[in-house]
Amino acid sequence: MDYTDFLNLTPDQRLSIVQEVANLTDEERAIIAQGNALPLEKANGMVENVIGTYQIPYAIATNFVINNKHYLVPMVGEEPYVNGSICGGALLAKNNGGFTASNTGSIMIGQVQLTGISNPFSSRLKIMEEKEAIMKLADSKDPVLLSFGGGCKSIAVRILDSYQGPMVVVHLLVDTKDAMGAQVMNAMAEAVAPLLEKITGGKANLKVVSNLAVHRLVRSRVCVKKEDFGGEPYVDKVLSAYAFAAADPYRATTNNKGVMNGMIPVALATGNDTRAIESGVHAYASISGTYKPVTIWEKNNNGDLEGMIEVPMAVGIVGGTTKVHPMAQLSLKIMKIQSALELAQVIASVGLAANLGVLKSLTTVGLHADFDKLHSRSK
Ligand code: MEV
């Protein structure tokens, strides 16, 4: 099915297409159509001090082909032009096979900060000697995760040179599988802290997940034929735009904001923690010591445009808001998501499509002109 004209349909017509493609029941269709899926009682159970709910448009990004699978991607966001531009980026990708995405697995980091240790180097070795016992203790906090093949896979010990003197920081490396994992990481870090105190004679202070999920990276790449991009001079303009972003944190920040325009709406639509994603992605963007664009663009030997993204992406499809919010469940169903890693790959690909869509506008007609063209067409 070609969704190119999705933009010109009414919300009801669009919903009919989504219902058919995603096999939604009439009840599920009604939940989306009525626009107030989250009852007050549920909202009140989610966070403290609730007085109501707040609604934001729920849209669909079309044209996504990722690892040969076709997706309709739910997007929750308030910014005009973003969804239309992303569909344009995805169409450019689709014309040449779509996105190819991969990941490094779903290992999260839980940190335990140990203070008051005058012999950090021998403490580090003592902790490593007790690695098995520490991992076993961590695993005892989540037998269900263990039964799914997850759990603590390793530990690492870092010695920080803080302004208060040396600090020993233990990292629990835990495969959280289809869970985002913040809760289980906190629980495991708390569980092992007394043992770490006993081993080192130090005092455990913070015990908490790290949102810099460097062992949970997701990657996506795309190739756009130069003919589909208006020819090689326009490919070169994108390379120049990328060189600008790579050389200048002011431009890199805006570039990455545009990438977030794609990623965050999908995370919201699926009930994921957008702040965890944002903090992780921005930290990863500056891991070299300078803030960099999270997307890279280059030209292959044919003169075609190749783009890629690599970011940490800690998202889940079980537990938390994903489980409680009816729209989050429906979003996963619409995308036919099978695993958290698949969702992470979709999110990264949508981020790359957002960057591509914007770069196409910026290097051709300009954002303002494109905005008028796209937004006025949507009914
Ligand atoms: C606007 O929300 C995002 C852009 O400024 C991103 C960019 O300039 O790359 C269009």
Side-chain angles (χ1 to χ4, degrees), residues 7 56-64 73-93 99 219-224 228-230 233-269 274-275 277-286 290-299 305-311 313 347-378:
L7 191 69
I56 302 209
Y58 186 77
I60 293 288
T62 57
N63 302 327
F64 274 90
V73 183
M75 309 278 295
V76 174
E78 89 302 340
E79 187 173 337
Y81 175 74
V82 162
N83 298 334
S85 170
I86 287 172
C87 295
L91 184 61
L92 285 170
F99 298 88
R219 300 173 178 131
S220 184
R221 64 183 172 84
V222 66
C223 177
V224 181
D228 292 341
F229 211 75
Y234 288 99
V235 172
D236 290 339
K237 282 180 162 222
V238 172
L239 300 195
S240 168
Y242 167 61
F244 177 18
D248 179 19
Y250 289 90
R251 174 56 207 158
T253 305
T254 317
N255 179 88
N256 291 349
K257 191 277 180 185
V259 172
M260 291 299 178
N261 278 349
M263 301 203 292
I264 295 304
V266 191
L268 261 183
T274 55
R275 289 82 55 213
I277 296 171
E278 302 251 13
S279 59
V281 168
H282 293 301
Y284 196 66
S286 41
T290 309
Y291 191 81
K292 293 284 182 192
V294 290
T295 47
I296 292 176
W297 295 95
E298 56 192 14
K299 188 164 73 169
L305 181 63
E306 293 198 343
M308 64 224 74
I309 185 168
E310 179 183 279
V311 283
M313 190 53 62
I347 292 176
S349 302
V350 178
L352 185 57
N355 194 222
L356 177 59
V358 161
L359 286 173
K360 171 85 174 154
S361 296
L362 283 174
T363 55
T364 53
V365 291
L367 271 184
H368 191 66
D370 224 20
F371 177 94
D372 282 348
K373 208 174 75 191
L374 262 180
H375 197 56
S376 62
R377 273 180 62 201
S378 186

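Scope of the values below: all heavy atoms of this structure, side chains included, with no hydrogens, waters or symmetry mates. Just so you know, these numbers come straight off a predicted model, no measurement behind them. Start at 1 and go down the list; that is how both ligands and their atoms are numbered.
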Next item on the list: Check each atom of ligand 1 against the heavy atoms of E79 and keep those under 4.0 Å away; list them by number with element.
Entry: 1 (C), 2 (O)
Item checked: Non-neighbouring partners of D228 that pass salt bridge (charged side-chain N to carboxylate O under 4.0 Å, His left out), sequence neighbours left out -> none
Item checked: Residue and atom name of the nearest protein heavy atom (relative to atom 10 (C) of ligand 1), distance in Å to one decimal -> L367 CD1, 3.5 Å
Next item on the list: Using distance alone, determine whether N261 and ligand 1 share an N or O pair under 3.5 Å.
Entry: yes
Check: Can you tell me if OH on Y291 sees more than 12 non-hydrogen neighbours from other groups inside 6.0 Å?
Finding: yes
Notebook entry, point to check: Starting from atom 6 (C) of ligand 1, which protein heavy atom do you reach first, and at what distance in Å?
Noted result: T254 O, 3.4 Å
Note to self: Applying the side-chain contact (heavy atoms from CB on, under 4.5 Å) criterion to M75, which one of N261, I264, I86 satisfies it?
What the structure shows: I86
Notebook entry, point to check: Does CZ belonging to R251 count more than 12 external heavy atoms closer than 6.0 Å?
Noted result: yes
Next item on the list: Before signing off on this row, confirm whether R251 and ligand 1 have an N or O atom pair separated by under 3.5 Å.
Entry: yes
Item checked: Those atoms of ligand 1 less than 4.0 Å from some heavy atom in K257 -> 1 (C), 2 (O)
Using distance only, find each side-chain donor-acceptor pair of residues 235-248 under 3.5 Å and give its atom names and separation, not counting sequence neighbours.
| from | atom 1 | to | atom 2 | distance (Å) |
| --- | --- | --- | --- | --- |
| D236 | OD1 | K299 | NZ | 2.9 |
| K237 | NZ | T363 | O | 3.4 |
| D248 | OD1 | Y250 | N | 3.1 |

